[in-house]
Amino acid sequence: MKILVINGPNLNLLGKREKDIYGTETIESINGDISKAASGRSVEVEFYQSNHEGDIVDKINQTDATGILINPAAYTHTSVAIHDAIKAKEVPTVEVHLSNIYAREEFRHKSLIAPVVTGQVSGFGKNSYILGFEALVELLNS
Ligand code: DQA
């Protein structure tokens with residue numbers, strides 16, 4: 001089992017960026033907690049962050065992962081290309097968001113990614129990743 005964790009644009013700035021919304025944890029510390037959740041289980045985890053839509057599409061096209069955990073960040077609300085890449089890949093995919101996108105500005109209420117994922121976790125800060133990861137591992141094991 002291999003899970004690819006993808007973080008989209010500006011998530012490299014976590015810990016410095018809009019801390020009131022996204023908290024003080026850095027992407028490295030979130031990735032570290034995912035690695036801890038993976039340890040002791042037979043799951044390999046690869047981490048990938050990009051600010052570029054086409055690079056994220058290439059990564060999804062080319063990965064040999066059996067599951068994908070993705071925070072598409074701003075591309076959640078705009079990217080037909082990432083929607084199509086996930087749909088074409090046909091591996092279980094979980095969408096996560098630190099903030100509750102449905103409780104924020106109206107333009108964040110629509111996810112173009114949600115229709116092509118297995119499920120979504122939104123609003124639990126770092127725990128959105130951990131909960132999404134656990135759900136994906138369970139799914140891949142079942
Ligand atoms: C986000 C929510 C998006 O609307 C926003 O553009 C982000 C982060 C989240 O994790 O809460 O960059 O995906």
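FYI, side chains are in, hydrogens and waters are out, and symmetry mates aren't considered; it's all heavy atoms of this structure. Residue numbers start at 1 and run along the sequence shown.
Summarising the geometry, atom NZ belonging to Lys126 is positioned 10.0 Å from atom OG1 belonging to Thr26; distances are rounded to the nearest 0.5 Å. Expressed to the nearest 0.5 Å, how far CD of Glu46 lies from CD1 of Ile6 amounts to 8.5 Å. Note that the CZ atom of Arg17 and the CD1 atom of Ile27 stand 10.5 Å from one another [nearest 0.5 Å]. The CD1 atom of Ile60 lies 7.5 Å from the CG atom of Leu4; values are rounded to the nearest 0.5 Å. Atom NE2 of His83 sits about 13.0 Å away from atom OG1 of Thr78, to the nearest 0.5 Å. Between atom CD of residue Gln49 and atom CD of residue Glu28 there is a gap of 9.5 Å, rounded to the nearest 0.5 Å.
Between Tyr129 and Leu98 the shortest side-chain heavy-atom distance falls below 4.5 Å. In this structure the side chain of Ile70 never reaches within 4.5 angstrom of the side chain of Val94, judged on heavy atoms. Proximity of Ser99 to Arg104: side-chain heavy atoms (C-beta onward) are separated by under 4.5 Å at one or more points. Within the 4.5 Å cutoff, the side chain of Thr93 has no heavy atoms near those of the Val116 side chain. Between Asn7 and Asn71 the shortest side-chain heavy-atom distance falls below 4.5 Å. Residues Tyr48 and Asp55 have side chains in contact (heavy-atom distance under 4.5 Å, counting atoms from C-beta outward). Side-chain contact between Ile68 and Ile86: absent, with no pair of heavy atoms (C-beta onward) separated by less than 4.5 Å. Using a 4.5 Å cut-off on side-chain heavy atoms (C-beta onward), Leu14 and Leu11 make contact.
Distance alone, capped at 3.5 Å, is enough to place a donor-acceptor pair between the Lys89 side chain and the Asn61 backbone. Between the side chain of Asn51 and the backbone N or O of Asn10 there is at least one donor-acceptor pair closer than 3.5 Å.
The number of heavy-atom neighbours closer than 6.0 Å to CD of Gln62, taken from other residues, nucleotides and ligands shown, is above 12. For Glu106, the CD atom counts as loosely surrounded, since its 6.0 Å shell holds 12 or fewer non-hydrogen atoms of other residues, nucleotides or ligands. Within 6.0 Å of the CZ atom in Phe47, the count of heavy atoms belonging to other residues, nucleotides or ligands exceeds 12.
Taking the six-membered ring for Trp and thresholds of 30 and 60 degrees, His97 and His77 have nearly parallel ring planes, at less than 30 degrees apart.
Contact record, Gly8 with Ala73: C-CB, 4.0 Å, taken as the closest heavy-atom pair. What you find for Val57 and Ala85 is that their closest heavy atoms are CG1-CB, 4.2 Å. Residues Gly123 and Ser128 come closest through the heavy atom pair N-OG, 3.6 Å. Residues Pro115 and Leu112 come closest through the heavy atom pair CD-O, 3.5 Å. The heavy-atom pair separating Glu53 from Ala81 by the smallest distance is OE2-CB, 3.8 Å. The heavy-atom pair separating Leu140 from Pro92 by the smallest distance is CD2-CG, 3.8 Å.
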_For Asp84 and Lys87: C-alpha separation, side-chain torsions, deciding distance, then whether salt bridge (Lys or Arg N to Asp or Glu O under 4.0 Å) applies._
CA-CA 5 Å; Asp84 286 350; Lys87 192 170 187 187; over 6 Å; no
*asked:* I'd like to know whether Thr76 forms a side-chain hydrogen bond (donor to acceptor under 3.5 Å, both in side chains) with Glu95, so could you lay out the CA-CA distance, the side-chain angles of the two residues, the decisive distance to 0.1 Å, and finally the verdict.
replied: CA-CA 9 Å; Thr76 304; Glu95 174 187 351; 4.6 Å; no
*asked:* Set out, in order, the CA-CA distance, both residues' side-chain angles and the distance that settles side-chain contact (heavy atoms from CB on, under 4.5 Å) for Asn141 and Met1, then state yes or no.
replied: CA-CA 9 Å; Asn141 272 329; Met1 185 194 307; 3.2 Å; yes
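Phe124 and Val5 fall within the same hydrophobic cluster, defined by Ile, Leu, Val, Met, Phe, Trp and Tyr side-chain heavy atoms under 4.5 Å apart, directly or through other members. Residue Val45 is grouped with residue Ile30 when hydrophobic side chains (ILVMFWY) are merged at heavy-atom distances under 4.5 angstrom, including chains of intermediate members. Hydrophobic clustering (ILVMFWY, side-chain heavy atoms < 4.5 Å, transitive): Ile101 and Tyr75 are in distinct clusters. One hydrophobic cluster holds both Val96 and Ile21 under the rule that ILVMFWY side chains link at heavy-atom gaps under 4.5 Å. Residues Val43 and Ile34 are members of one and the same hydrophobic cluster, defined by side-chain heavy-atom contacts under 4.5 angstrom among Ile, Leu, Val, Met, Phe, Trp and Tyr.
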